[in-house]
> 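The structure follows.
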Amino acid sequence: MSEDIDWDPVRELASRVEAGEALVLTPAVRELLLRTARQVGIPESDAQAAVQDGATATALLREARGRIREGSIRLNITEMRARDLVRAGDKAGARNLLEELLAVEVVLLYREQLELALEDLD
């Protein structure tokens with residue numbers, strides 16, 4: 001991945017918004033939202049439109065944070081199950097699990113991790 005990933009600022013911002021703080025669309029916040037949207041597979045046009053308004057930017061923030069969290073959980077569970085299958089001698093089953101998740105995963109970092117896990121099976 002060409003961009004460095006640091007989702008801590010997104011998580012912190014989302015936590016503050018969830019606690020009732022209004023999202024203030026400073027240039028830095030807009031850039032954070034746009035960069036994160038790219039990283040989690042949200043189309044550029046959708047992200048650009050969303051950062052024009054506080055309500056839609058808040059929805060974008062929540063969607064990005066959800067993709068990060070849910071994708072991480074799916075990835076961890078799938079990798080754990082794949083390791084169990086490999087230990088049981090079922091590399092084909094492990095490959096199938098990883099490929100199924102890769103077919104639907106939109107978060108670029110998680111896609112890369114799945115591709116690496118598939119390479120490790122070879």
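The structure presented is a predicted model; accordingly, all values stated were derived computationally and were not measured.
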> Mind checking the CZ-CG spacing from Arg83 to Asp120? Nearest 0.5 Å is all I need.
11.0 Å
> Do Arg74 and Arg69 come close enough that some side-chain heavy atom pair is under 4.5 Å?
no
> Would you mind reporting whether Glu105 and Leu75 have side-chain heavy atoms less than 4.5 Å apart?
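They are not in side-chain contact.
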> Any salt bridge between Asp122 and Arg95, counting N to O under 4.0 Å?
yes
> What's the shortest heavy-atom distance between Ala94 and Ala82, and which atoms?
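Heavy-atom minimum between the residues: CB-O, 3.5 Å.
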> Would you call Arg81 and Asp84 a salt bridge, taking side-chain N to carboxylate O under 4.0 Å as the test?
no
> Atom CZ of Arg65 and atom OG of Ser15: how far apart are they, to the nearest 0.5 Å?
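The distance works out to 7.0 Å.
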> When rounded to the nearest 0.5 angstrom, what is the spacing between OG1 in Thr58 and CG in Leu23?
4.0 Å
> Grab the two heavy atoms, one from Ala57 and one from Val51, that are nearest each other, plus how far apart they are.
CB-CA, 4.2 Å
> Would you mind reporting whether Arg62 and Val17 have side-chain heavy atoms less than 4.5 Å apart?
yes
> Please check this pair: side chain of Glu112 against backbone of Leu108, looking for a donor-acceptor N/O pair closer than 3.5 Å.
no
> Any side-chain heavy atom of Tyr110 within less than 4.5 Å of one from Ile68?
yes
> Which distance, rounded to the nearest 0.5 Å, do you find between the CD1 of Ile42 and the CG of Leu33?
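Answer rounded to 0.5 Å: 9.0 Å.
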> Clusters formed by hydrophobic residues whose side-chain heavy atoms approach within less than 4.5 Å: which one holds Ile73, and what are its other members?
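Result for Ile73 is Ile77.
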> Output the distance between atom CG (Leu60) and atom CG (Asp46), rounded to the nearest 0.5 Å.
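CG of Asp46 is found 9.0 Å from CG of Leu60.
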> Under the side-chain hydrogen bond (donor to acceptor under 3.5 Å, both in side chains) rule, collect the residues that match up with Arg11, sequence neighbours excluded.
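Result, side-chain hydrogen bond (donor to acceptor under 3.5 Å, both in side chains) vs Arg11: Asp8.
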> Check whether Arg38 reaches the backbone of Glu44 with its side chain - one donor and one acceptor, N or O, closer than 3.5 Å.
no
> State, with a plain yes or no, whether a side-chain heavy atom of Thr36 is found less than 4.5 Å away from one of Leu61.
no
> Are Leu102 and Val104 connected into the same hydrophobic cluster when the rule is that any two of I, L, V, M, F, W, Y join if their side-chain heavy atoms are below 4.5 Å apart?
yes
> With distance as the sole test, does Asp90 use its side chain to make a donor-acceptor pair with the main-chain N or O of Val86 at under 3.5 Å?
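No, because the side chain of Asp90 does not come within donor-acceptor range (under 3.5 Å) of the backbone of Val86.
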> Do Arg16 and Glu12 meet the salt-bridge criterion of a basic N to acidic O distance under 4.0 Å?
no
> So, do Ile5 and Gln39 sit near enough that their side-chain heavy atoms are less than 4.5 Å apart?
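In short, these two side chains touch, coming nearer than 4.5 Å.
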> Nearest 0.5 angstrom please: Glu99 CD to Leu114 CG, how far?
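The distance works out to 10.5 Å.
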> Check whether any side-chain heavy atom of Leu98 sits under 4.5 Å from a side-chain heavy atom of Leu121, and report yes or no.
yes
> Taking the side chain as everything from C-beta on, heavy atoms only, tell me whether Val40 gets closer than 4.5 Å to Trp7.
yes
> For Gln48 versus Gln52, what's the shortest heavy-atom pair and its separation?
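Taking Gln48 first and Gln52 second, the nearest heavy atoms are O-NE2, 3.0 Å.
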